[in-house]
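Worth saying up front: this structure is predicted, and the values here are computed from it rather than measured. Values below: every heavy atom of this structure, side chains too, minus hydrogens, waters and symmetry copies.
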Amino acid sequence: RAALAHRRWAGLSAARGGMREAEVALGDAKIALRTVIALEPEDAVAHMNLAALWVEEGVSVEGAMVDDVAVRALKTALRSIELNPQNEGAYKVLGDVHLSLRGAYAEAIAAYEKALSIDPHYADARAMVGVTYLKMGDEDEARTVFEQVLRDDPTNETAQQNLSQL
């Protein structure tokens, strides 16, 4: 059943479309991941993916995460790390949680750097370091990071979009 729920999560993740469809897909994906976790409580990837969904759901119009959702996202990301401390994706999600919390930039960078210590070529984590510097107002450091990301991964959309706006 866990494998079926994982496939459902993957299908729902790939099938997001318009705003209403995305809301339904987000809810369905959370249900599927909660099912995976209920069946396989030690599934670090399911915890990581659920934390990523909490981040996606919890970010408000102002760009900060709603408190109750932030707590869920943080706890779920930390559980994923507890289950698999070598999962660079879980540290990236933890960085995303911190980045969504106003003023938690140092914690975000620390989490992204931990992901990069596990996988130095993790372009998405490195790009988020650049986004964090940008949010901190350090455009020079952000530019340096985005340029580094694009040297390693010329197709990285986060780095492309942010660099083009600097």
Side-chain angles (χ1 to χ4, degrees), residues 2-3 5-7 9-14 16 26 29-30 32-33 36-37 40-59 63-65 69-166:
H6 263 295
R7 281 194 304 275
W9 147 251
L12 291 168
S13 179
R16 293 194 191 141
L26 186 64
K30 285 190 305 191
L33 287 168
V36 171
I37 291 168
E40 300 286 341
E42 305 297 307
D43 188 328
V45 173
H47 285 276
M48 177 189 70
N49 288 330
L50 184 57
L53 288 177
W54 286 127
V55 171
E56 186 175 332
E57 177 185 284
V59 176
M65 195 176 301
V69 178
V71 169
R72 282 186 240 149
L74 186 59
K75 285 181 179 179
T76 308
L78 290 171
R79 178 67 176 140
S80 179
I81 291 167
E82 177 185 331
L83 292 168
N84 182 359
Q86 294 304 306
N87 182 347
E88 69 278 5
Y91 287 101
K92 193 263 185 197
V93 171
L94 180 62
D96 294 346
V97 172
H98 286 301
L99 185 59
S100 297
L101 301 170
R102 292 191 192 274
Y105 301 131
E107 294 88 345
I109 289 175
Y112 295 135
E113 293 293 343
K114 178 64 179 176
L116 289 163
S117 75
I118 297 167
D119 179 359
H121 303 289
Y122 191 3
D124 290 337
R126 188 167 314 283
M128 293 310 295
V129 171
V131 170
T132 306
Y133 281 123
L134 199 56
K135 286 190 176 229
M136 293 169 59
D138 190 342
E139 291 184 2
D140 291 336
E141 190 63 31
R143 181 185 319 279
T144 299
V145 171
F146 293 138
E147 289 171 349
Q148 181 181 10
V149 169
L150 291 174
R151 277 192 300 275
D152 294 338
D153 179 7
T155 64
N156 187 283
E157 291 180 18
T158 301
Q160 288 174 343
Q161 290 171 354
N162 284 285
L163 190 58
S164 72
Q165 294 176 9
L166 289 176

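Pairs passing the side-chain hydrogen bond (donor to acceptor under 3.5 Å, both in side chains) check and including a residue from residues 75-84, sequence neighbours excluded, read Glu42-Arg79, Arg79-Glu82.
A distance of 5.5 Å separates OG1 in Thr132 from CD1 in Ile109, rounded to the nearest 0.5 Å. Note that the CG atom of Leu116 and the CG atom of Asp124 stand 10.0 Å from one another [nearest 0.5 Å]. The CD atom of Glu40 lies 11.5 Å from the CG atom of Leu83; values are rounded to the nearest 0.5 Å. Annotation: the span from Leu53 atom CG to Arg72 atom CZ amounts to 12.0 Å, rounded to 0.5 Å. Residue Ser164 holds its OG atom at 7.0 Å from CD of Gln161, rounded to the nearest 0.5 Å. With rounding to the nearest 0.5 Å, the separation of CE in Met128 from OH in Tyr112 is 3.5 Å.
The heavy-atom pair separating Gly95 from Ala108 by the smallest distance is O-CB, 3.6 Å. Between Leu163 and Arg143, the shortest heavy-atom contact is CD1-CG, 3.7 Å. Counting all heavy atoms, side chain and backbone alike, Ala51 lies closest to Ala77 at CB-N, 3.6 Å.
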Quiz: residues 145-153 side-chain donor-acceptor pairs under 3.5 angstrom, not counting sequence neighbours:
residue	atom	partner	partner atom	Å
Asp153	OD1	Thr155	N	3.2
Asp153	OD1	Thr155	OG1	2.8

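For Asn87, the side chain to side chain donor-acceptor pair (under 3.5 Å) test picks out no residue, with sequence neighbours left out. Applying the side chain to side chain contact (heavy atoms under 4.5 Å, CB included) rule to Glu107 yields the partners His98, Ala104; only residues at least two apart in sequence or on another chain are considered. Not counting sequence neighbours, the partners of Ile81 by the side chain to side chain contact (heavy atoms under 4.5 Å, CB included) test are Ala90, Tyr91, Leu94. With sequence neighbours excluded, the residues satisfying side chain to side chain contact (heavy atoms under 4.5 Å, CB included) with Ile37 are Ala46, His47, Leu50.
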task = Show the numbers, then the answer: is there a side-chain contact (heavy atoms from CB on, under 4.5 Å) between Tyr133 and Thr144?
result = CA-CA 10 Å; Tyr133 281 123; Thr144 299; over 6 Å; no

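When Val93, Val97, Val55 are each tested for a side chain to side chain contact (heavy atoms under 4.5 Å, CB included) with Leu74, only one passes: Val97.
Two residues are said to be in side-chain contact when any heavy atoms from C-beta on lie closer than 4.5 Å; Leu166 and Leu134 meet this criterion. Side-chain atoms of Val45 and Asn49, non-hydrogen and from C-beta on, do get closer than 4.5 Å to each other.
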